[in-house]
Amino acid sequence: MVDAASFKGRDIISMREFNREEIDLILSTATDMISLVDKGSDLLRGKILATLFFEPSTRTRLSFESSMHRLGGSVVGFAQPQTSSVAKGETLADTIKTVESYSDVIAMRHPSEDSSIVAAEAASIPVINGGSGSWEHPTQACLDLHTILTAKGTIDGLTIALVGDLLYGRTVHSLAVALRNYDVKAYFVSPDQLKMRDGVIADVKGKLDYEETSDLNSILPELDILYATRVQKERFKDHADYEKVKDAYLINKAFLEGAKPELRVMHPLPRITEIATDVDGTPHALYFGQVKHGIYTRMALIALVLGAL
Ligand code: NCD
């Protein structure tokens, strides 16, 4: 049986590790956290979260830290690895074996794809993956699902397009894998050069009703959720290749006139040019509302893996 206690001590590395029952429990726990944001809580008093961010971040790191504070816990960590012993050549495993003496749970972002697996193997405390190269970003997928569920009252039955950089975007990898647990129609919309990563296709095939296309125009009228993403400039080996695809999809207010009035546009942020600012004031815009679900969801995940519920 899946209950809160079964999450105690678990790492959160990949959405591949979670079935529908477990995702439902994470999402219902996130909903329970909403009232604690205003009331405040001492649930994690005396507990320490370490945030180790080896790559740039605004939302993910700050929301992990804010979530821990909201639950009465404290935070240590770094956002600039060049100020830590990593700059002296320390291995990730050694950094983790040290940090676990200072904390009860680790949230980490790192450019290498296997970083969260390496960290989880080295650590005796739970490791939460806050983004591992282009591979996965599972806590973002959880907050994306919570956003959809709150906005639409359901995830099952929806038509959802993941749009943009499906090759390098870790958020869409985790979200696509998570969606295989739901009865949704998914579209993977990208330029040919940025088609959904093979490993994700392999893991959703036969479980998720999906279609790949480069034509956003023709499917727009069907969509309930349009999940836009940034082309991941930092992952391109050749800058000229980035230039060719960086403006593949430009979503603006005029373009959305072809959509259902109930269409909601999401984005993990930061946005570059994918969504024009004239969308911000329309009822379609959900991307800034999406951000606060990062708090509820990360409060839930930290409390669950610490066995506090
Ligand atoms: C994303 C990331 O870091 O993968 N941002 C986030 O965590 N909200 C998306 C991106 O950088 O494009």
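No experiment lies behind these values; they were computed from the predicted model shown. Numbering of ligands and ligand atoms starts at 1, following listing order.
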Indicate every side-chain donor-acceptor pair of residues 73-89 with a distance under 3.5 Å to a residue at least two apart or in another chain.
| residue | atom | partner | partner atom | Å |
| --- | --- | --- | --- | --- |
| Thr83 | OG1 | Gln80 | O | 2.7 |
| Ser84 | OG | Pro81 | O | 2.8 |
| Ser84 | OG | Val86 | N | 3.2 |

For Tyr242, what residues pass the ring pair (Phe, Tyr, Trp, His ring centres under 6.0 Å) criterion, not counting sequence neighbours? Phe236, His239
Please, which pairs that meet side-chain hydrogen bond (donor to acceptor under 3.5 Å, both in side chains) have at least one residue in residues 151-169, sequence neighbours excluded? Arg20-Asp156
Under 3.5 Å, side chain of His137 to main-chain N/O of Gly169, donor-acceptor pair present? no
Within 45° of the axis and under 6.0 Å from the centre of the six-membered ring of Phe64, does NZ or CZ of Arg61 qualify? no
Under a 4.0 Å heavy-atom cut-off, what residues line ligand 1? Thr60, Arg109, His137, Gln140, Arg170, Thr171, Arg230, Gln232, Pro268, Leu269, Pro270
Taking the six-membered ring for Trp, are His110 and Phe54 ring centroids under 6.0 Å apart? yes
